**Student:** 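Take a look at this one; I'll ask things after.
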Amino acid sequence: MPLRLCLKNSPLIMLASLLIGVPGARATAADAAPRPNVLFISIDDMNNRLGCYGFDAVPTPNLDRLAARGVKFERAYCNYPVCNVSRTSFLSGRRPETKFQPDEVTWLPEHFAANGYFTAEVGKVAHSYGVTRETIQWDLSEYDAKWPGRETEEEKHVDGRRTMRAIQLMEERREKPFFLAVGFQKPHSPFKATPKYHAMYPAEKIALLEEPAEHLKEIPSVAFLNSTTEAQRNRTPDERRELTADYYACHAFIDAQVGLLLDAVDRLGIADRTIIVFFSDHGLHLGEHGGMWGKRSLFEESMRIPLIVAAPGKRQGTRSPRLVELVDLYPTLADLCGLPAPPQHEGTSFAALLAEPERSWKAGAFGNVTRPDGQSGRTVRTERYRYIEWGGPETAQLYDLEQDPHEHRNLVGRSERAETLAMMRQLLEDGWSAAAPKQRASRN
């Protein structure tokens, strides 16, 4: 169930809400020193099976181009592996477990609008239904971009039309700062791109991940996706290859759309004053752990996301091994653009990592999920370990991602890992505020 936020009324929030509606507030901000544009590229259901993350089976030349301009985050995580709640969280700056009323927060684009930016949403950025799409105010919001003269196969695809519309808006608005959010819906199911990209991935050439069957005995039954049907769990190898090939085709298609956006930024001469952010709302399972297809799990495949940030004047062509979370995007972008810190946000600006990608940072990345049957779980990820609970310690899972990147060996109950287990349980109980960079202890 989508979670809502329930904050007490605050003079700061009330003041911010009032300023959004005061014409002079935007005019004053617009008269200040020029601020960088933001091109905010949001992807739906994209996991890290990408060439830019070392997965050679899916080349990503355009994401490689973007990574060469900025910082690629190796350990970036969503806070809730479901579209609606994840998007509500990173657009509000609040964590999914924090309850609030929609009119009690200043949403990400509203904060930029109040500081002189033109704001536009093209495609699925806020969720296509529910609180965010109904509540968030943009200068322009187009879910299904209308684009005349659809001559190419890519322009006939809904995400291709969104690319063309975003480029048009950059052309029209390049003289003033803009916050342009482009939401691509692929690779969300159905895994349909255009014929060109499907031809790149013949199903018979897809390699499937081999897993030790015995590892399933170490996973509490509640940790498996209850949305995965028996037919999905029992898909044949050929069926799995076909689905995986179609998913990879969608990755390649999105990579091409990013390339068109980068080309436009360069052609318009705005690269030196445009921050580009590329990320997914969560990951996706492709048959791991005995045939899990989808999201809503707390395993790495569901929680980990791609995240690349290119910002003028910051480091280029490098990677950061530090932990960052989607809830951090709001304060980071405000920081990079010289805006006031968003009111009552619960993320941490990682702008400092764009200058020093390997500096000491937060101790843990946190996530949770509640499934349609009411079953809830929560997790914390450090740079080395992942710890998961579904209801309590009796359903615990502990994985050493350094030695076991696919989470095949649950270490709970192994005496040699008792100290690590206790540390991870305490980290989860202490919560995100205790794991923030300024408070972090010496932990793995």
Side-chain angles (χ1 to χ4, degrees), residues 47-48 74-75 77-81 96-97 208-228 230 232-234 282-304 321 323 325 362-371 373-435 440-444:
N47 63 25
N48 289 72
E74 299 286 348
R75 294 184 177 94
Y77 292 92
C78 74
N79 299 103
Y80 197 104
E97 63 271 23
L208 298 177
L209 175 67
E210 297 295 329
E211 295 187 310
E214 62 271 16
H215 93 281
L216 300 178
K217 299 176 182 179
E218 298 182 343
I219 301 175
S221 59
V222 70
F224 292 102
L225 282 176
N226 58 9
S227 59
T228 300
E230 184 175 355
Q232 289 173 323
R233 284 192 294 271
N234 295 324
H282 49 72
L284 196 76
H285 282 283
L286 295 175
E288 299 89 3
H289 302 300
M292 294 171 67
W293 296 85
K295 48 221 177 190
R296 294 184 188 271
S297 97
L298 296 175
F299 286 108
E300 191 81 349
E301 294 91 347
S302 184
M303 299 299 295
R304 188 184 177 206
L323 295 162
E325 305 169 86
K362 63 173 64 176
F366 295 78
N368 63 85
V369 69
T370 298
R371 292 175 174 161
D373 63 0
Q375 186 66 54
S376 295
R378 55 187 185 144
T379 183
V380 62
R381 171 73 153 92
T382 67
E383 291 185 8
R384 179 169 177 175
Y385 297 101
R386 175 175 296 285
Y387 178 71
I388 304 171
E389 281 187 7
W390 290 89
E394 67 278 2
T395 60
Q397 297 159 262
L398 174 66
Y399 299 99
D400 183 342
L401 279 295
E402 185 176 284
Q403 299 179 2
D404 178 26
H406 298 294
E407 296 172 319
H408 289 157
R409 297 187 296 276
N410 185 359
L411 302 177
V412 172
R414 306 191 184 197
S415 58
E416 69 275 15
R417 297 301 183 109
E419 184 176 344
T420 300
L421 178 62
M423 180 271 291
M424 293 297 290
R425 281 178 172 164
Q426 190 61 53
L427 183 61
L428 183 63
E429 290 304 314
D430 291 345
W432 62 268
S433 59
R440 66 166 297 176
S442 176
R443 292 169 171 164
N444 287 327

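Since this is a predicted model, take the numbers as computed values, not measurements.
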**Student:** May I ask you to decide whether E325 forms a salt bridge with K362, counting only side-chain N to carboxylate O separations under 4.0 Å?
**Tutor:** yes

**Student:** Which is it for L286 and W293 under the side-chain contact (heavy atoms from CB on, under 4.5 Å) test, yes or no, and what are the steps along the way?
**Tutor:** CA-CA 5 Å; L286 295 175; W293 296 85; 4.1 Å; yes

**Student:** Which heavy atom in N410 sits nearest to a heavy atom in E218, and how many Å separate them?
**Tutor:** ND2-O, 2.8 Å

**Student:** With R381, which of R75, M424, R304, M303 fulfils side-chain contact (heavy atoms from CB on, under 4.5 Å)?
**Tutor:** R75

**Student:** What's the spacing between N47 CG and H285 NE2 if we round to 0.5 Å?
**Tutor:** 9.5 Å

**Student:** Would you give the length of the straight line joining atom CG of L209 to atom CD of E288, rounded to the nearest 0.5 angstrom?
**Tutor:** 6.5 Å

**Student:** Considering residues, nucleotides and ligands other than E230, do more than 12 of their heavy atoms fall under 6.0 Å from its CD?
**Tutor:** no

**Student:** So, for G290 and E211, which heavy atoms are closest and what is the spacing to 0.1 Å?
**Tutor:** N-OE1, 3.3 Å

**Student:** Should L421 and V412 count as side-chain neighbours, where that means a heavy-atom distance under 4.5 Å?
**Tutor:** yes

**Student:** So how far is it from S297 OG to W390 CH2, rounded to the nearest 0.5 Å?
**Tutor:** 7.0 Å

**Student:** Testing the basics here: between A223 and F299, what is the closest heavy-atom pair and its distance to 0.1 Å?
**Tutor:** O-CE1, 4.0 Å

**Student:** I want to check something: taking the side chain as every heavy atom from C-beta on, are D400 and R417 in contact at a cut-off of under 4.5 Å?
**Tutor:** yes

**Student:** Considering all heavy atoms of both residues, which atom of P220 and which atom of A396 are nearest to each other, and what is their separation?
**Tutor:** CG-O, 4.3 Å

**Student:** Yes or no on side-chain contact (heavy atoms from CB on, under 4.5 Å) for L225 and R371, after CA distance, side-chain angles and deciding distance?
**Tutor:** CA-CA 9 Å; L225 282 176; R371 292 175 174 161; 3.9 Å; yes

**Student:** Hey, what do you get for CG (L323) to CZ (F366), rounding to the nearest 0.5 Å?
**Tutor:** 9.5 Å

**Student:** Would the number of heavy atoms belonging to other residues, nucleotides or ligands and lying under 6.0 Å from CD of E394 be above 12?
**Tutor:** yes

**Student:** Under 3.5 Å, is there a donor on one side chain and an acceptor on the other for Y77 and E300?
**Tutor:** yes

**Student:** Heavy atoms only: give me the nearest Q375-V222 pair and the separation to one decimal.
**Tutor:** CG-CG2, 3.1 Å

**Student:** To the closest 0.5 Å, what do you measure between CD (E402) and OG1 (T382)?
**Tutor:** 10.0 Å

**Student:** Sequence neighbours left out, what passes side-chain hydrogen bond (donor to acceptor under 3.5 Å, both in side chains) with R409? Give chain and number order.
**Tutor:** none

**Student:** Looking at E416, I want to see if its CD is surrounded by more than 12 non-hydrogen atoms of other residues, nucleotides or ligands under 6.0 Å.
**Tutor:** yes

**Student:** Only one of E407, H289, H406, H408 forms a side-chain hydrogen bond (donor to acceptor under 3.5 Å, both in side chains) with H215, so which one is it?
**Tutor:** H289

**Student:** What pair of heavy atoms forms the shortest contact from G377 to L298, and how long is it?
**Tutor:** C-CD1, 3.4 Å

**Student:** Is the closest side-chain heavy-atom distance between F224 and M292 below 4.5 Å?
**Tutor:** yes

**Student:** Kindly compute the distance separating CD (Q426) from OH (Y387), expressed to the nearest 0.5 Å.
**Tutor:** 11.0 Å

**Student:** Quick one: are L411 and T420 in side-chain contact, heavy atoms under 4.5 Å?
**Tutor:** no

**Student:** Go through T370 and Y80 one step at a time and tell me if the side-chain contact (heavy atoms from CB on, under 4.5 Å) criterion holds.
**Tutor:** CA-CA 9 Å; T370 298; Y80 197 104; 3.7 Å; yes

